[in-house]
Number of protein chains: 2
Amino acid sequence: MAPTEKAPPKPRKEPRQARAKVTVDAIFEATLQLLLTDGPRRLTTTRVAHRAGVSVGTMYQYFPNKEALIFALNARYLDALAERIETVCRNMAGSRAEAMVAALIDCYWQAKTERADVTRALYRSVAELDNSSLIEAFAERVDTATQAMLASAPDLAGREATPLALTLVTVIFGTVRNAFERGLSPAEVAHLKGELCSMCQVYLRAR
Amino acid sequence: MAPTEKAPPKPRKEPRQARAKVTVDAIFEATLQLLLTDGPRRLTTTRVAHRAGVSVGTMYQYFPNKEALIFALNARYLDALAERIETVCRNMAGSRAEAMVAALIDCYWQAKTERADVTRALYRSVAELDNSSLIEAFAERVDTATQAMLASAPDLAGREATPLALTLVTVIFGTVRNAFERGLSPAEVAHLKGELCSMCQVYLRAR
DNA sequence: ACCTGAACACCGTTCAAGT
DNA sequence: ACCTGAACACCGTTCAAGT
């Protein structure tokens, strides 16, 4: 009964020569620009190719279809985001649990906010295709990094890091995303961020 | 620099005769069914019309374009959901704050879970179009209902209901949505729900 | 190894004609 | 008042031909 759709699309072939790499980068850049200026509905292969300065045929050498292009663009973005989070988690090793949570919230919030237009454009672009594998891979990395971080907290002895990480990551990432989707005012956003932070910290102290 | 897109599409005209109402319902039902079985990518106007037993032209009498159809379908769903939440909020008036939060989480969680396929299909269908006005209207209703409920809690005297409602609603709805997007196991989901609940309750007790 | 662009199938949308 | 479906413009995708 599940929607019958193809497996997650992957890049057709890797660019081997330097000019090919330039081409692929140009295609990615053109896609993002069009997404930002015109929205996902007006994103056509012809326009992407034209903006990238290549022909449609060239685009299809590297991406089997339009979905694969959008998929790859999102994969790129999520990979960079996961890397940032992993770095923060590594840097916070050994700190107090409260500081860890604050840093995690800060990092994610910052990443979403600093290029809000990009975040929104990518959210919307990817949604019509099955991106669950991307989301799962991303969540897996973030969970793992958070677990490792929490396990190193001196004031968290005796609490299992695995379920704790799952809860915190889901609550934090879900809240940020939702805050992002709603049209909150800057004042409301600032207040919410503080409340989310203290909520997680109170939760850590309890029990 | 914002994506240049049309204003939120609205139904072209209201059905005046009985058979027209039947037609519109058939179109909605066909859209949902196709979304569930084939996914948003294979949702074409021709197929919707065919499944609904009408011609394409008929569909275009009630919806100015395909987007408007998807928009209206989502509006329907969110309206029903908001109504459920408002009812719960009314029913919980005068209870203790902890019970309120638990009921709110339960209601939303239940609504998302009982027809998980529908939830997912609608999420994906609406994402490529600008649904911010839908989201805002929904959030506004839920916020208002939650505020009114919290203001009636005997154990919450002296705490402002408005920012409290905003925080709780954003955290709860964001978490549920995120939990939903990740492919969590039933055991993890159950655990998460309990933790979210106690997290909100500890937060209410604090300060 | 990489690129081109005309050609094809199909989808969203319209509109003159019907009941 | 409501419905039909051929017709049109345009989009995704291919492939024979080029460098």
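Proteins get letters first, then strands, A, B, ... in listed order; numbering begins at 1 in each.
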> Charged N to carboxylate O under 4.0 angstrom, A:E188 versus A:R182?
Replying inline: no
>> Could you work out, with side chain to side chain contact (heavy atoms under 4.5 Å, CB included) as the rule, every residue matching A:R141, not counting sequence neighbours?
In response: A:D79, A:A82, A:E83, A:E86
> Do the charged groups of B:E67 and A:R41 touch, with an N to O distance under 4.0 Å?
Replying inline: yes
> Ring centres of A:F28 and A:Y77 under 6.0 Å apart?
Replying inline: no
Between the protein and nucleotides 8-12 of chain C, list every N/O to N/O distance that falls short of 3.5 Å.
| from | atom 1 | to | atom 2 | distance (Å) |
| --- | --- | --- | --- | --- |
| C:dG12 | OP1 | B:K66 | NZ | 2.9 |
| C:dG12 | OP2 | B:T45 | N | 2.7 |
| C:dG12 | OP2 | B:T45 | OG1 | 2.9 |

> Atom CE of A:M59 and atom C1' of D:dT14: how far apart are they, to the nearest Å?
Replying inline: 12 Å
> Under the ring pair (Phe, Tyr, Trp, His ring centres under 6.0 Å) test, which residues partner A:F138, sequence neighbours left out?
Replying inline: none
> In whole angstroms, how far is the C1' atom of C:dT13 from the CD atom of B:Q61?
Replying inline: 14 Å
> The side chain of B:S55 lies closest to which of these nucleotides: C:dC2, D:dC2, D:dT4?
Replying inline: D:dT4
>> A:Y123: which residues meet the ring pair (Phe, Tyr, Trp, His ring centres under 6.0 Å) condition with it, sequence neighbours left out?
In response: none
>> Both A:T58 and B:G57 contact DNA chain D. Taking the nearest nucleotide for each, which residue is further toward the 5' end?
In response: B:G57
> Side chain of B:T23: nearest nucleotide among C:dC2, D:dT4, D:dC3?
Replying inline: D:dC3
>> Can you tell me which nucleotide in C:dG5, D:dG5, C:dT4 comes closest to the side chain of A:V56?
In response: C:dG5
> Would you write out the dot-bracket form of DNA chain D, 5' to 3', with Watson-Crick and G-U pairs under 3.5 Å, [ ] for crossing pairs, | for pairs to other strands and . for unpaired bases?
Replying inline: ||.|||||...|||||.||
> Has the side chain of B:Q201 got a donor or acceptor atom that lies under 3.5 Å from a matching backbone atom of B:E98?
Replying inline: yes
>> Please list all pairs meeting ring pair (Phe, Tyr, Trp, His ring centres under 6.0 Å) that have one or both residues in residues 36-55 of chain B, counting only residues at least two apart or in different chains.
In response: none
